[in-house]
Amino acid sequence: MEKINGISRIIMEYLESDKQLQFPQFLTMISLDNDEATELKIAKEFLFHSHSDLDKRLALEYFYINRCHPELIYFIEHNNHSSNELNREAAKLYQFMLDLRNGKPTHKIRVISKSISPNHPELKCLKYFLNMEIDVNVYHYDRIGYYINKVQNKLRQIDNPLYINFFKQRMQLIMFTYYWKRNELILARKHAYEALQMPHHVKQKAQLHLDLALSYIYEDFESSFYHIEEALYLAKCLQDHDTLDKISNYTYPFICANFGRIDGVTTNDPIEAAHLEIVKGNHQQAKEMLEKLSISTPFAQYYLGLATKNHHYFIHSYQQFMEIRNDHFFAKLPLRASEGLHI
């Protein structure tokens, strides 16, 4: 309670002063004396009190990149009823992006979003990012470079430094995914580490550390584990239960099983539970667990190959990774296993 009151005092000091600070200046000032987790809490309260149209648009991007979905939903609704047309159009684009995250059919969003042809540089950048999000959602990475060039050209026409910073963060994250899935790890990690050095997206940094942890599965356990610890620290600071669940039930058990370090490791995920049983040598039990699944993923096919030593599962896994997901990185898993079995 004392911490919350302290944050409220900070907000009221600025709102009642003659400085009339907008969000970019306020964010810069509070970032000097607070860690990113605390900054996020203070920034949330400031944005809920601000009456600036610019701040309300920046709130959309700030909460989107920080995966603060309740706050994002609030500001989408708020901007939908704004008298400022720019705010209303921005809200539509963020609604599409949120719909993608929430699993709405990608093809429907692609069709509906085609009706929006913005002219303002901010909105054009958002439309390009939406197009990239749509392509990434269906594993089509080929046009990302095209859209990145479009965004870079439009950034020159945006005069708000915080918007530019936010959009550059997005570009780094998208380029990381692009190169990671192409298995170009030097370039992927370059973009990831540059993104980690950028401010104001602490919740996204936790997810980025998890992805970096996965990027080391063909190299060494220590590097993977370092990034898991970083993600865990941030998730605990933020009380981010979704990320904590992802760490404990997916990323951590997968990496531990991958390196054969499974002492004390558990998971609620049936696919990764089967993975752990394979490492323990309980191949028949793992096979039965995997065959009960209603949906077969390329990871499940890979684990079935490990459990049965049947190369057909490795072939199916490889084909799903390559032909459906366009994922050169994880496609190495069944390929490596096949070579290990001399198939």
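Hydrogens, waters and symmetry mates are skipped; everything else that's a heavy atom, side chains included, is used.
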Salt bridge (charged side-chain N to carboxylate O under 4.0 Å, His left out) partners of Glu36, counting only residues at least two apart: Lys205
Qualifying residue for ring pair (Phe, Tyr, Trp, His ring centres under 6.0 Å) with Phe75, from Tyr62, Phe63, Tyr64: Phe63
Listed partners of Phe167 passing ring pair (Phe, Tyr, Trp, His ring centres under 6.0 Å), at least two apart: Phe129, Tyr163
Verdict with reasoning, Glu77 to Lys92, per salt bridge (Lys or Arg N to Asp or Glu O under 4.0 Å): CA-CA 10 Å; Glu77 182 68 16; Lys92 292 178 186 177; over 6 Å; no
Plane angle bin for Tyr216 and His227 - parallel if under 30°, tilted between 30 and 60°, otherwise perpendicular: parallel
Any donor-acceptor pair under 3.5 Å from Tyr94 side chain to Ile73 backbone: no
Donor-acceptor side-chain pairing of Tyr303 and Glu272 below 3.5 angstrom: yes
Donor-acceptor contact present, side-chain Ser113 to main-chain Arg110, <3.5 Å: yes
Check: His191/Glu194 side-chain N/O donor and acceptor closer than 3.5 Å: no
Gln207 and Asp211: side chain donor to acceptor below 3.5 Å: yes
Lys150 NZ: over 12 foreign heavy atoms closer than 6.0 Å: no
Proximity of Phe26 and Phe46 rings by center, below 6.0 Å: yes
Ring-ring centroid check Phe299 Phe330, cutoff 6.0 Å: yes
